[in-house]
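Everything on this sheet refers to the single structure shown next.
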Amino acid sequence: MFASFSAVFVRRRGAARLGAATLVSGLVAAGVLTGAGQATAEETTRSQGGATATIAGLKTYGTAVIHGGTGDQQVSAGLFEMSVEGGGMLQTYCVDLHNPTQRDAKYHETPWSGTSLGANKDAGRIRWILQNSYPQVNDLAALARKAGVRGALTEQDAAAGTQVAIWRYSDDVAVDALDPQAEQLADYLEKSARSQPEPRASLTLDPPAVSGRPGERLGPVTVHTNAGSVTVSPPADAATSGVRIVDKQGKAVTSTTNGGQVFFEVPEDAASGTAELTVQASTTVPVGRAFASESRSQTQILAGSSESTVSATAAATWTKEGAIPALSSAKNCAEGGVDIIASNKGDEPFTFELAGLEHTIAAGESRTVTVPLQEDQAYDFTIHGPGGFTKRFTGMLDCRIQGGEAGTATQTLSQPSPASVGGTATDTNLAETGSSGVTPLIAGIAIGLLLIGGTTLIVLRRGEIPTGD
């Protein structure tokens with residue numbers, strides 16, 4: 001489900017006219033940056049680093065019962081597994097009960113602010129549950145004694161009870177575990193939960209975009225990670241562009257640690273352009289990190305991690321004169337939109353228009369502009385800058401649980417297995433509620449068709465930006 005969103009950006013002067021960016025449905029292009037000369041970038045609006053993983057299915061689970069106005073509904077409840085790009089495995093629980101998983105959906109490590117957890121006052125209690133239950137506590141006999149569970153607690157019971165306790169806080173729903181031992185665990189976890197802070201990302205770069213003049217060191221870009229060290233890879237065309245990744249003394253950097261700062265060293269005679277560095281590490285992702293997809297597959301929260309590959313990128317832009325914008329983005333669920341973070345290291349103002357408002361970033365200043373969007377609204381818009389620089393932002397706003405949306409049919413999975421968990425609407429297994437199992441699917445399709453017919457938002461950008469040399 002999505003509402004169409006396109007953006008048109010126009011310059012006041014300069015030879016190039018910026019074209020319209022049209023809606024991308026479902027598929028999101030990966031980020032690509034070129035070196036010196038004309039520079040383009042495509043960015044999925046998400047966290048600027050961490051783990052990227054593909055959901056493999058619901059692996060350890062029991063049964064839960066949702067109590068609703070139309071009657072009781074049995075659903076499967078437990079641990080999902082994800083395979084990490086570059087190596088590693090993750091275990092996760094769902095924090096979006098009424099939304100189905102999509103087969104082989106790709107997920108990105110995401111701040112709570114980019115998901116429904118950002119506006120959930122009980123998100124910290126969910127993290128406590130994760131830290132104090134299965135699989136973080138894998139001595140099930142000890143967990144049963146602490147929780148006052150009568151009888152043996154199996155892995156399936158532990159996973160189901162933990163998921164039920166999480167749903168009570170993530171989805172504000174009346175739900176019980178079918179198995180008595182799992183229900184006793186769920187009650188203990190719910191009553192004992194205390195608020196915990198959001199865990200830090202496994203790996204991020206701050207800021208993810210910098211700018212400046214040729215002949216300067218652009219940065220710093222600071223590494224934040226829980227890994228012991230990270231490898232630093234220079235731009236792909238470093239040998240021909242002459243752009244180096246260095247420390248503040250100008251020494252080439254190939255690895256660094258948490259808190260380390262790196263710079264882009266750009267040759268003085270470089271033409272206007274851009275470059276990208278990549279950092280990568282192997283670490284365990286902190287428990288409680290959120291994982292979101294761009295395909296409306298249900299949001300997950302991390303319960304356990306093997307040693308996994310994590311990565312992050314940062315980009316630099318340079319030109320010899322005029323405004324030099326550096327642009328990045330982040331979902332802002334509290335404000336119901338996407339933040340565009342713009343800075344200007346040039347000697348002229350950088351002026352643009354978003355959502356009918358004009359914004360001017362003075363030389364040496366930074367500002368965040370929030371573009372409001374509807375829930376489940378896909379967006380795709382492009383900003384151009386000097387020297388042929390182009391920055392494209394794509395994604396989908398997915399900030400609210402479906403259960404909080406009036407008139408939305410419950411879509412939950414029943415009897416999951418590696419073959420049946422997730423998929424598109426045609427292979428999503430909807431839980432039985434005593435009425436026809438086709439009814440929720442028809443309702444979901446109808447809502448999708450209504451949203452497709454939504455209003456197109458046009459955003460104009462007018463900026464006096466020099467073309468550089």
Grab the two heavy atoms, one from [X] and one from [Y], that are nearest each other, plus how far apart they are.
X: Pro235; Y: Val243; answer: CG-CG1, 4.1 Å
X: Met82; Y: Phe291; answer: CE-CB, 4.4 Å
X: Val230; Y: Ala281; answer: CG1-CB, 3.6 Å
X: Val210; Y: Gly219; answer: CG1-CA, 4.1 Å
X: Gly161; Y: Ala186; answer: O-CB, 3.3 Å
X: Pro349; Y: Thr360; answer: CB-CG2, 3.7 Å

From the list Thr284, Thr283, Asn258, side-chain hydrogen bond (donor to acceptor under 3.5 Å, both in side chains) with Asn226 holds only for Thr283
Identify whether the distance between the nearest side-chain nitrogen and carboxylate oxygen of Arg168 and Glu190 falls below 4.0 Å. yes
> Hey, are Asp339 and Arg367 close enough for a salt bridge, meaning a charged N less than 4.0 Å from a carboxylate O?
Replying inline: no
Quick check against the 3.5 Å criterion: does [X] have a side-chain atom that pairs as donor or acceptor with the backbone of [Y]?
X: Asn120; Y: Tyr169; value: yes
X: Asn99; Y: Arg296; value: yes
X: Thr115; Y: Trp112; value: yes
X: Glu375; Y: Cys399; value: yes
X: Glu85; Y: Ala51; value: no
X: Asn344; Y: Ile324; value: yes
X: Glu335; Y: Pro372; value: no
X: Ser305; Y: Val285; value: yes
X: Thr110; Y: His108; value: yes
X: Thr274; Y: Ala316; value: yes

In the structure I gave you, are the side-chain heavy atoms of [X] and [Y] within less than 4.5 Å of one another anywhere?
X: Trp128; Y: Leu189; result: yes
X: Leu277; Y: Leu205; result: yes
X: Arg200; Y: Pro286; result: no
X: Ser233; Y: Gln280; result: no
X: Leu327; Y: Phe393; result: yes
X: Trp167; Y: Cys94; result: yes
X: Asp171; Y: Ile166; result: no
X: Pro197; Y: Arg127; result: yes

Open item on the list: Evaluate Val338 against Gln377 for side chain to side chain contact (heavy atoms under 4.5 Å, CB included), listing each step before the verdict.
Closed with: CA-CA 11 Å; Val338 174; Gln377 183 173 357; over 6 Å; no
Interatomic distance, [X] atom [atom1] to [Y] atom [atom2] [nearest 0.5 angstrom]:
X: Tyr379; Y: Lys331; atom1: OH; atom2: NZ; value: 5.0 Å
X: Ser76; Y: Gln156; atom1: OG; atom2: CD; value: 12.0 Å
X: Asp380; Y: Arg392; atom1: CG; atom2: CZ; value: 4.0 Å
X: Leu79; Y: Leu58; atom1: CG; atom2: CG; value: 8.0 Å
X: Ser329; Y: Ile341; atom1: OG; atom2: CD1; value: 6.5 Å
X: Gln91; Y: Leu302; atom1: CD; atom2: CG; value: 8.5 Å

Using distance alone, with no hydrogens and no angle criterion, decide if [X] and [Y] have a side-chain donor and acceptor under 3.5 Å apart.
X: Gln102; Y: Ser293; result: no
X: Gln298; Y: Thr101; result: no
X: His67; Y: Asp176; result: yes
X: Ser272; Y: Thr319; result: yes

ask   = How far apart are the C-alpha atoms of Val84 and Met89, what are their side-chain angles, what is the distance that settles it, and do they pass the side chain to side chain contact (heavy atoms under 4.5 Å, CB included) test?
value = CA-CA 6 Å; Val84 179; Met89 294 296 296; 5.9 Å; no
Next item on the list: Evaluate the side chain to side chain contact (heavy atoms under 4.5 Å, CB included) criterion for residues Ser202 and Glu109: first the C-alpha distance (whole Å), next the side-chain angles of each, then the deciding distance (0.1 Å), finally the verdict.
Entry: CA-CA 8 Å; Ser202 60; Glu109 186 179 341; 2.7 Å; yes
Using the side chain to side chain contact (heavy atoms under 4.5 Å, CB included) rule, take Thr309 and Thr52 through it: C-alpha gap first, then chi angles, then the decisive distance, then the call.
-> CA-CA 8 Å; Thr309 299; Thr52 298; over 6 Å; no
